[in-house]
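Convention: sequence-line order gives letters A, B, ...; per-chain numbering from 1.
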Amino acid sequence: MAQKPTIPKGTRDFNAGEVAKRSYIIDTIKEQFKLFGFEPIETPSFENSDTLMGKYGDEGDRLIFKILNSGEYLKKLSNDDFESKSESVFTPKISEKALRYDLTVPFARYVVQHQNEIAFPFKRYQIQPVWRADRPQKGRFREFYQCDADVVGSTSLLQEVELIQLYDAVFSELKLEGVAIKINNRKILSGIAELIGAKDKLIDFTVALDKLDKIGEEKVKAEMRRKGIQEDGISKLEPLFNLTGNFSEQIDKLKSILTTSEIGLKGIEELEFINETISSIGIKTARLQLDVTLARGLNYYTGAIFEVSAPEGVKMGSIGGGGRYDDLTGIFGLNDVSGVGISFGLDRIYLVLEELNLFPEAIKETTKVIFISFGEQEALVSLQAVSKLRDCGVKAELYPDAVTSGKQMKKQMNYANKRNIPYVVLVGEEELKNESFALKNMVSGEQINMSLSALIEALS
RNA sequence: GUGGUUGUAGCUCAGUUGGUUAGAGCGUCGGUUUGUGGUACCGAAAGUCGCCGGUUCGAGCCCGGUCUUCCACCCCA
């Protein structure tokens, strides 16, 4: 019985048209990465589990694809291991490798491992797939591409400024106008947590706060209470829920809230610098927005946090994210190296461009001309012409199977038609005799006999 | 991990309260047309109704499980 072939949940095949569109996005991003001085690296699709585990929080650990050990791994287990029924005990004993979950942690590992070869500040970009054992839904896959640009070895806030420009440059280039680059600062969140006496509950606090625009003020407060944050602390958040005005007005209000928090004020100072610098150099089509509720993302961020959302009206999760991490290489033994980076979510950007019909027509690249195949003699002459055309940069090919009847002719024409090949050349008995080529325009149906040089002229 | 949803021909989908031989459009293949595609007309092939089990005289339809799709939650690009 033939089994029905399927692909795993959350994965996809891409046809030629889809690949062309994906390449268009990737090429655009890559071009801007290079323009900003980033250099490419690649890392393996799987890492040692130790490298990944514990870097993304408990939820992240759950979503990491683990790779089963090879060999007779069960024989090495003790009865206690089986009895434990505990994933945290059992899993490490049968799995020592895992598929990468993002590009930032493998990058940190790379930096530490190659620190002596690297010139700091090190600016790298990386475009590779990542895997998450998540349940698929809109814009969410188990295999998807991230396009990352990071700088390590510089604490300068000018890096943040440049990364904002980079976001703006890429989305402007993709004609995706009006994206919102939301920015926040972990230090401000720490400051607020300190202020409300929830310093030890920073993650719980930020996760709850992040949901503000989705579930509303009351539910956020309820969640904070549930997580054990004191009522008098929550009441101090009141001004935060009503934070309005433009970037600098919001900054001013935050200043008055966080007067007693050293770390909070530091965060404000950073944001202020970034905003002022961006204002003075300007951005093209994106909008930079301060969003104090922005907290999602990895818990290794220590300074700026970025998130990019699609233009208004497009229902899609974030299409990019990033931030500054002061200590990521520290985990792997290299201290005092600060990094900051951003990521583009290729697959989501694709969906957004598709929804807004923003893919240019020109990216549908196909063969420009196909030669109809009649017989051995004709094929030889055709192949010579095909070679010359290719030398001139014309995408040309010969249909491989010869015409043996009128049906075959029809079949070959049909083939050209279906592949949207705009020109067909016929070299049959007569053309062979006259040393001519019959060039047929598949759109107009017009057909002209000409010499080889005229053919090359016409097609290049 | 939680809740809901979907699955019938290659594709998009019909299929009545459970009742003979499961349909359509598109596509494919063949013909009208043996050196000319797209249009038209004629014809044909194509399905274990996701899979496993149950209820029933009888299941595409009802029930349970499982996989898959999509959506929401959690979390995230």
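- Residue contacts for Q408(A): at a heavy-atom cut-off of 4.0 Å it reaches no nucleic acid atom on any strand shown.
- Residue contacts for E59(A): at a heavy-atom cut-off of 4.0 Å it reaches a base atom on one of the strands shown.
- Residue contacts for G10(A): at a heavy-atom cut-off of 4.0 Å it reaches the sugar-phosphate backbone alone, with no base atom in range.
- For the pair F241(A) and K221(A), the minimum side-chain heavy-atom distance is below 4.5 Å.
- One finds no salt bridge joining K55(A) and D61(A) here, because no Lys/Arg side-chain nitrogen approaches an Asp/Glu carboxylate oxygen to under 4.0 Å.
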Any N/O pairs under 3.5 Å between the protein and nucleotides 25-31 of chain B? List them or say none.
from   : atom 1 : to      : atom 2 : distance (Å)
U28(B) : OP1    : K418(A) : NZ     : 3.1

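- Once rounded to the nearest 0.5 Å, the distance linking CD1 of I183(A) with CG of N275(A) reads 8.5 Å.
- Although no hydrogens or angles enter the test, the distance criterion places a donor-acceptor pair under 3.5 Å between the side chain of N15(A) and the main chain of E18(A).
- Between Q137(A) and the phosphate of C70(B), there is no side-chain N or O to OP1/OP2 separation shorter than 4.0 Å.
- Under the Watson-Crick or G-U wobble criterion, with both distances below 3.5 Å, G30(B) is paired with C42(B).
- Residue P136(A) is the one, among P136(A) and F144(A), whose nearest nucleotide of RNA chain B lies closer to the 5' end (criterion: closest heavy atom).
- Aromatic ring centres of Y101(A) and F65(A): separated by at least 6.0 Å.
- When heavy atoms are screened at a 4.0 angstrom cut-off, Q412(A) is found touching no nucleic acid atom at all.
- The CD1 atom of I363(A) lies 12.5 Å from the CZ atom of R22(A); values are rounded to the nearest 0.5 Å.
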